[in-house]
*Asks:* 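Before anything else, here's the structure in question.
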2 protein chains.
Amino acid sequence: MENYLFDFIEQYMPLTEEEKKAIVDLDIIRSFKKGTILVKEGDIIKGGYLVIKGCLRSYCIVDGEEKTTGFYTETVPIVPVFGADDSRAAHFVSCVEDSIVTVGNPDMEKETMEKFPRFEKLCLIISEQLLEKNLASFADFKNSTPEQRYLDLLKNRPGLLQRVPQHQIASYLGIKPQSLSRIRKRVAQNGTV
Amino acid sequence: MENYLFDFIEQYMPLTEEEKKAIVDLDIIRSFKKGTILVKEGDIIKGGYLVIKGCLRSYCIVDGEEKTTGFYTETVPIVPVFGADDSRAAHFVSCVEDSIVTVGNPDMEKETMEKFPRFEKLCLIISEQLLEKNLASFADFKNSTPEQRYLDLLKNRPGLLQRVPQHQIASYLGIKPQSLSRIRKRVAQNGTV
DNA sequence: TTCATTTTTTAACTTAAGTGAATGAACAAA
DNA sequence: TTTGTTCATTCACTTAAGTTAAAAAATGAA
């Protein structure tokens with residue numbers, strides 16, 4: 001099971017056997033049932049999550065409505081926010097499906113960082129990469145219509161629509177469920193897809 | 001002049017005199033004329049910028065049109081993307097006004113990191129904080145109308161509208177200049193502001 | 001299976017952004 | 001000063017999303 005985690009990390013830097021062993025010893029892999037809420041808004045952040053199997057969703061609640069801010073799956077493996085030492089979560093995170101994830105923990109992370117200083121560099125690279133990706137997504141979002149956003153999602157994350165309720169996709173795209181339904185109809189008719 | 005930089009860094013961690021001296025020795029403060037293009041899309045990233053005085057703007061060009069992705073001023077002091085070792089810029093960066101900025105440099109940064117390992121931690125904290133902020137902005141953007149975005153910008157970055165051409169603000173808000181003009185008229189009439 | 005709940009679709013209507021075109025204002029260069 | 005350019009505003013028209021409401025379909029639990 002830890003192999004998923006090794007593969008992920010080794011995209012950025014090779015791991016020594018000693019490091020791998022240390023990671024296994026951390027015992028950070030957990031299973032959660034569909035619907036489990038991993039993080040509540042305002043919680044002290046416990047570290048990052050990495051999805052090994054399943055799907056997590058981050059969202060916030062505005063005027064009683066859930067606004068989905070992200071979906072995290074095997075192919076989009078990394079997660080919400082690492083967070084400074086005592087920062088608080090801005091979003092909820094819940095399981096869209098039964099999921100297996102690695103779960104961070106601040107003490108453990110600190111300890112590991114001290115033992116393997118290379119991991120700090122690793123976190124920096126990952127964080128910068130996430131930032132860069134997010135800036136790019138934001139720019140794309142600004143400069144496209146809801147329909148284009150839907151088509152992009154279909155292209156870039158095929159399968160997500162099969163796994164996630166449509167109204168959650170809609171709020172992720174920044175539109176109402178009715179509009180998404182309309183868009184799907186339009187797209188189907190025009191054979192744009 | 002370096003004091004701006006010290007103040008910025010010391011928001012995150014206190015600096016020793018030795019570190020301060022090392023920073024001064026780096027000699028990384030530069031002035032640029034309004035209109036100067038600091039980064040072109042596709043350039044190898046040279047490191048971060050920090051605005052001491054003036055205003056930078058990041059943008060990309062889609063179908064011949066400039067799409068503004070960010071404004072960086074004294075109050076929003078930090079910048080585009082640090083970038084992995086050989087990553088390339090996704091955006092242009094230019095000076096909206098005559099500006100004084102600190103300019104990174106990869107060799108220098110690497111050297112400084114080695115001499116002062118604490119700086120790696122600093123970069124990690126900054127990067128995570130930027131990521132967090134950006135995730136929050138993105139979520140807000142998704143869940144608000146163009147008019148609300150305009151009002152938010154007016155509230156959160158007063159003065160920006162006086163410093164930057166309106167059509168650049170418009171593309172930053174993800175709308176056309178005509179729409180921004182309409183929104184301003186609407187807002188002025190309804191006394192929403 | 002049945003019933004209740006959630007999710008998705010459809011429709012009529014309202015609202016606001018996009019488009020294309022024209023005008024006026026501000027600004028810089030010759 | 002004149003000229004050309006860029007920028008902001010306005011208008012008429014088109015397009016699509018929001019809103020409200022209702023119905024249909026899918027899902028899950030008793």
Side-chain angles (χ1 to χ4, degrees), chain A residues 33-37 55 57 59 61-68 71 94-98 140-154 160-190 192-193, chain B residues 33-37 55 57 59 61-68 71 94-98 140-154 160-190 192-193:
Chain A
K33 281 273 162 213
K34 174 175 173 175
T36 307
I37 294 181
C55 179
R57 177 176 72 104
Y59 59 95
I61 296 183
V62 183
D63 303 329
E65 266 183 68
E66 287 184 8
K67 308 286 188 175
T68 297
F71 294 107
S94 77
C95 298
V96 172
E97 308 170 343
D98 292 354
D140 287 346
F141 188 94
K142 270 185 193 174
N143 298 307
S144 57
T145 63
E147 180 169 327
Q148 286 170 318
R149 284 176 221 153
Y150 169 70
L151 293 173
D152 287 348
L153 189 68
L154 222 50
L160 195 63
L161 223 86
Q162 274 59 257
R163 300 170 70 173
V164 173
Q166 244 178 71
H167 66 279
Q168 290 178 2
I169 301 273
S171 88
Y172 179 63
L173 294 174
I175 59 178
K176 303 291 162 192
Q178 295 93 318
S179 297
L180 179 55
S181 183
R182 241 182 330 212
I183 288 171
R184 282 161 54 79
K185 192 179 175 187
R186 207 159 61 216
V187 165
Q189 282 173 351
N190 300 355
T192 318
V193 107
Chain B
K33 281 273 162 212
K34 173 175 173 175
T36 306
I37 294 180
C55 178
R57 177 176 72 103
Y59 59 96
I61 297 184
V62 183
D63 302 329
E65 266 183 67
E66 288 184 8
K67 308 286 188 175
T68 297
F71 294 107
S94 75
C95 298
V96 173
E97 308 170 343
D98 292 352
D140 287 345
F141 189 94
K142 271 186 193 173
N143 299 306
S144 57
T145 63
E147 180 168 328
Q148 286 170 318
R149 286 176 221 153
Y150 169 71
L151 293 173
D152 287 347
L153 188 68
L154 222 52
L160 195 63
L161 224 85
Q162 275 58 258
R163 300 170 71 173
V164 173
Q166 243 178 70
H167 66 280
Q168 291 178 3
I169 301 275
S171 87
Y172 180 62
L173 295 174
I175 58 178
K176 302 291 162 191
Q178 295 93 318
S179 297
L180 178 55
S181 185
R182 243 186 323 219
I183 289 171
R184 282 161 54 80
K185 193 180 175 186
R186 206 160 61 216
V187 165
Q189 282 172 352
N190 300 354
T192 319
V193 107

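Note that these values count all heavy atoms, side chains included, but never hydrogens, waters or copies made by symmetry.
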*Asks:* Find the distance B/Leu161:CG to D/dC7:C1' and express it as a whole number of Å.
*Replies:*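 Atom CG in B/Leu161 sits about 13 Å away from atom C1' in D/dC7.
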*Asks:* Between B/Lys34 and B/Asp98, does any NZ, NE, NH1 or NH2 come within less than 4.0 Å of an OD or OE carboxylate oxygen?
*Replies:* no
*Asks:* Ignoring backbone atoms, establish whether B/His167 has a side-chain N or O less than 4.0 Å from OP1 or OP2 of D/dA8.
*Replies:* yes
*Asks:* Of the nucleotides D/dG18, C/dA17, C/dG20, which one has an atom closest to the side chain of B/Gln178?
*Replies:* C/dG20
*Asks:* Quick test: give all pairs of protein nitrogen or oxygen and nucleotides 28-30 of chain C nitrogen or oxygen below 3.5 Å, distance rounded to 0.1 Å.
*Replies:*
none

*Asks:* Mind listing the closest non-hydrogen atom pair of B/Ala170 and B/Leu180 along with its distance?
*Replies:* N-CD2, 3.8 Å
*Asks:* Would a 4.5 Å heavy-atom cut-off, applied to side chains only, mark A/Tyr172 and A/Leu153 as touching?
*Replies:* yes
*Asks:* Rounding to a whole Å, what distance do you find between B/Glu65:CD and D/dT6:C1'?
*Replies:*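 Value for this atom pair: 15 Å.
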*Asks:* Once you round it to whole Å, what is the distance between C1' of C/dA16 and CG of B/Leu173?
*Replies:* 15 Å
*Asks:* Rounded to whole Å, how long is the line connecting atom CD of A/Gln189 with atom P of C/dT9?
*Replies:* 13 Å
*Asks:* Please state whether the phosphate of D/dA8, meaning OP1 or OP2, lies under 4.0 angstrom from any side-chain nitrogen or oxygen of B/Ser181.
*Replies:* no
*Asks:* With a 4.0 Å cutoff (strictly under), does any side-chain N or O of A/Gln166 reach OP1 or OP2 of C/dT9?
*Replies:*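 So the side chain of A/Gln166 is within the cut-off, an N or O lying under 4.0 Å from OP1 or OP2 of C/dT9.
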*Asks:* If every non-hydrogen atom of B/Gln148 is compared with every non-hydrogen atom of B/Asn143, which pair is closest and at what distance?
*Replies:*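 Shortest heavy-atom contact: OE1-O, 4.3 Å.
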*Asks:* Indicate, with a heavy-atom threshold strictly under 4.0 Å, whether A/Arg184 touches base, sugar-phosphate, or nothing.
*Replies:*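 It contacts sugar-phosphate atoms only.
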*Asks:* Without decimals, in angstroms, what is the distance between A/Gln148 CD and D/dA16 P?
*Replies:*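 Taking CD of A/Gln148 and P of D/dA16, I get 11 Å after rounding.
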*Asks:* Send over the distance from B/Glu147 CD to C/dG18 P, rounded to a whole Å.
*Replies:* 13 Å
*Asks:* According to a strict under-4.0 Å criterion, is A/Arg186 in side-chain N/O contact with OP1 or OP2 of D/dA17?
*Replies:*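 Checking A/Arg186 against D/dA17: at least one side-chain N or O falls below 4.0 Å of OP1 or OP2.
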*Asks:* With heavy-atom distances below 4.5 Å as the criterion, would you say the side chains of A/Arg184 and A/Leu161 are in contact?
*Replies:*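 Result yes, sub-4.5 Å side-chain heavy-atom pair found.
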*Asks:* Mind calculating the distance between CD1 (A/Ile183) and P (D/dG18) to the nearest angstrom?
*Replies:*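 Between P of D/dG18 and CD1 of A/Ile183: 8 Å.
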*Asks:* Can you find a heavy atom in the side chain of B/Arg149 that is under 4.5 Å from one in the side chain of A/Lys142?
*Replies:* no
*Asks:* Could you state the OH-C1' distance from A/Tyr150 to D/dA16, rounded to the nearest angstrom?
*Replies:*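 Atom-to-atom, A/Tyr150 to D/dA16, this comes out as 17 Å.
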*Asks:* Under a 4.5 Å cut-off applied to non-hydrogen side-chain atoms, are B/Arg57 and B/Phe71 in contact?
*Replies:*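 A side-chain contact under 4.5 Å exists here.
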*Asks:* Could you work out which one of C/dA17, D/dA8, D/dG18 sits closest to the side chain of A/Arg182?
*Replies:*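 So the nucleotide nearest the side chain must be D/dG18.
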